[in-house]
Amino acid sequence: PGGGWINGLFNGVRAAAEGLEWSDERVVGDWRLQRRAGDEDAVARILDPAEQVVETGSLPACLAQFSRLERGGQIPAVTGEVVLVLHGLGESRQSMRPLVKHLQTGLDATVMTFGYASPRAGLAAHASSLARVLAGLPQVTGISFVGHSMGNLVVRRWLGMAKSGDTSRIRRMVMLGPPNQGSDLARLAAGNSLLASL
């Protein structure tokens, strides 16, 4: 009788754990192409809006399949204004779901999440993934960011790397708990070998 909530709990834990392993390379609406973080030759996968894996393989093969799905209309184009929500260190994009749902009810924009494997790569790698996601939204006219904690640092790193033409669509950024002056928790963890390894 209690299997429903157990399955829900298991699926939530699985999704959170996967969020620490996979980084988005393309996000179009609720479809995403992800690459296992930390290895340039790593496996890639395509997730549908139900978070089901529909393709697994090399990054070039998955990019080609993603493009075919877009051309075939299975992945609808995103146009107009977009709000991109980024999670913090040690979290996954699922942690931002309540905020995303709230934003979807109050904004005339497409609200999407950007997931990155926060502990598996550095800020520059996450910013490069963000750049590829943004480049994959050519019909979007305006982009706003809502970042939580480390998500703000990812956006800031991308802004520092971006060419001037890449930032022309940026409208605004809302920072939630940004560690703009560093993080006391990170400083504490750096002094403790067990915490630093985590």
Side-chain angles (χ1 to χ4, degrees), residues 15-16 18-38 40 44 47 59 66 77-104 106-187 189-190:
E18 285 185 355
L20 299 177
E21 295 288 324
W22 297 87
S23 290
D24 291 335
E25 293 287 313
R26 293 284 314 274
V27 179
V28 179
D30 291 326
W31 285 81
R32 62 192 65 241
L33 185 151
Q34 299 180 316
R35 179 179 50 81
R36 189 177 294 277
E40 292 303 316
L47 298 179
L59 182 58
F66 200 88
V78 174
T79 60
E81 297 285 324
V82 162
V83 174
L84 201 57
V85 180
L86 293 88
H87 60 82
L89 175 65
E91 299 175 326
S92 69
R93 54 193 169 75
Q94 282 76 16
S95 68
M96 303 307 283
R97 279 187 180 162
L99 177 59
V100 167
K101 287 181 190 245
H102 175 74
L103 293 174
Q104 287 171 330
L107 296 177
D108 185 22
T110 301
V111 182
M112 304 186 313
T113 57
F114 169 71
Y116 59 100
S118 59
R120 307 278 289 167
L123 283 176
H126 300 320
S128 294
S129 293
L130 178 60
R132 289 186 288 275
V133 166
L134 296 173
L137 299 168
Q139 297 179 45
V140 168
T141 56
I143 300 168
S144 295
F145 298 103
V146 176
H148 174 247
S149 191
M150 184 176 168
N152 296 297
L153 301 181
V154 173
V155 175
R156 284 180 40 201
R157 178 60 64 97
W158 171 76
L159 286 167
M161 296 169 35
K163 298 175 186 143
S164 61
D166 294 340
T167 61
S168 62
R169 299 184 293 170
I170 304 307
R171 301 291 182 254
R172 63 188 53 88
M173 181 171 176
V174 176
M175 298 177 133
L176 305 173
N180 289 327
Q181 304 301 318
S183 165
D184 289 337
L185 182 59
R187 283 188 281 276

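FYI, the numbering just counts along the sequence from 1. For clarity, every value in this text was computed on a predicted model and none was experimentally measured.
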If we only count heavy atoms from C-beta on, is the Val27 to Thr113 side-chain gap below 4.5 Å?
no
Answer yes or no: is there a side-chain heavy-atom contact under 4.5 Å between Val83 and Ile143?
no
Are Asp166 and Leu134 close enough that some pair of their side-chain heavy atoms sits under 4.5 Å apart?
no
Under a 3.5 Å cutoff, is there a donor and acceptor pairing between the side chains of Ser129 and Glu25?
yes
Residue pair Leu86 / Asn152, side-chain heavy-atom distance below 4.5 Å:
no
Would you mind reporting whether Met175 and Arg156 have side-chain heavy atoms less than 4.5 Å apart?
yes
When you measure from the side chain of Ser95 to the backbone of Glu91, do you find a donor-acceptor pair of N or O atoms at a distance under 3.5 Å?
no
What heavy-atom pair brings Met112 and Gly29 nearest, and what distance separates the two atoms?
SD-N, 3.2 Å
Tyr116 side chain vs Trp22 backbone, donor-acceptor pair below 3.5 Å:
no
Considering all heavy atoms of both residues, which atom of Ala162 and which atom of Thr167 are nearest to each other, and what is their separation?
CB-CG2, 3.8 Å
Keeping His126 on the side-chain end and Ala121 on the backbone end, is there a donor-acceptor pair under 3.5 Å?
yes
Flag side-chain contact, heavy atom, 4.5 Å: Leu47 against Gln34
yes
For Val82, does its backbone N or O pair with a side-chain atom of Thr110 as donor and acceptor, under 3.5 Å?
no
Is any side-chain heavy atom of Val85 less than 4.5 Å from a side-chain heavy atom of Leu103?
yes
Hey, is the main chain of Gly115 close enough, under 3.5 Å, to the side chain of Asp24 for a donor-acceptor pair?
yes
To the nearest 0.5 Å, atom NE2 of His148 lies from atom CE of Met150 at 12.5 Å
How far apart are the C-alpha atoms of Leu84 and Leu130, what are their side-chain angles, what is the distance that settles it, and do they pass the side-chain contact (heavy atoms from CB on, under 4.5 Å) test?
CA-CA 10 Å; Leu84 201 57; Leu130 178 60; 3.6 Å; yes
To the nearest 0.5 Å, what is the distance between CH2 (Trp158) and CZ (Phe145)?
5.0 Å
Show the numbers, then the answer: is there a side-chain contact (heavy atoms from CB on, under 4.5 Å) between Glu81 and Asp108?
CA-CA 8 Å; Glu81 297 285 324; Asp108 185 22; over 6 Å; no
Over all atoms of both residues, closest heavy-atom pair of Ala77 and Gln139
CB-NE2, 3.8 Å
Is there a donor-acceptor contact under 3.5 Å from the side chain of Arg120 to the main chain of Ser23?
no
Kindly say whether Val140 contributes a backbone atom to a donor-acceptor pair with the side chain of Arg169 at under 3.5 angstrom?
yes
List the atom of Val154, the atom of Phe114, and the distance in Å for their closest heavy-atom pair.
CG1-CE2, 4.3 Å
Leu153 side, atom CG; Leu89 side, atom CG - distance, nearest 0.5 Å
9.5 Å
Check for a donor-acceptor pair, side chain of Arg26 on one end and backbone N or O of Gly136 on the other, with a separation under 3.5 Å.
yes
I want to check something: taking the side chain as every heavy atom from C-beta on, are Leu20 and Ser118 in contact at a cut-off of under 4.5 Å?
yes
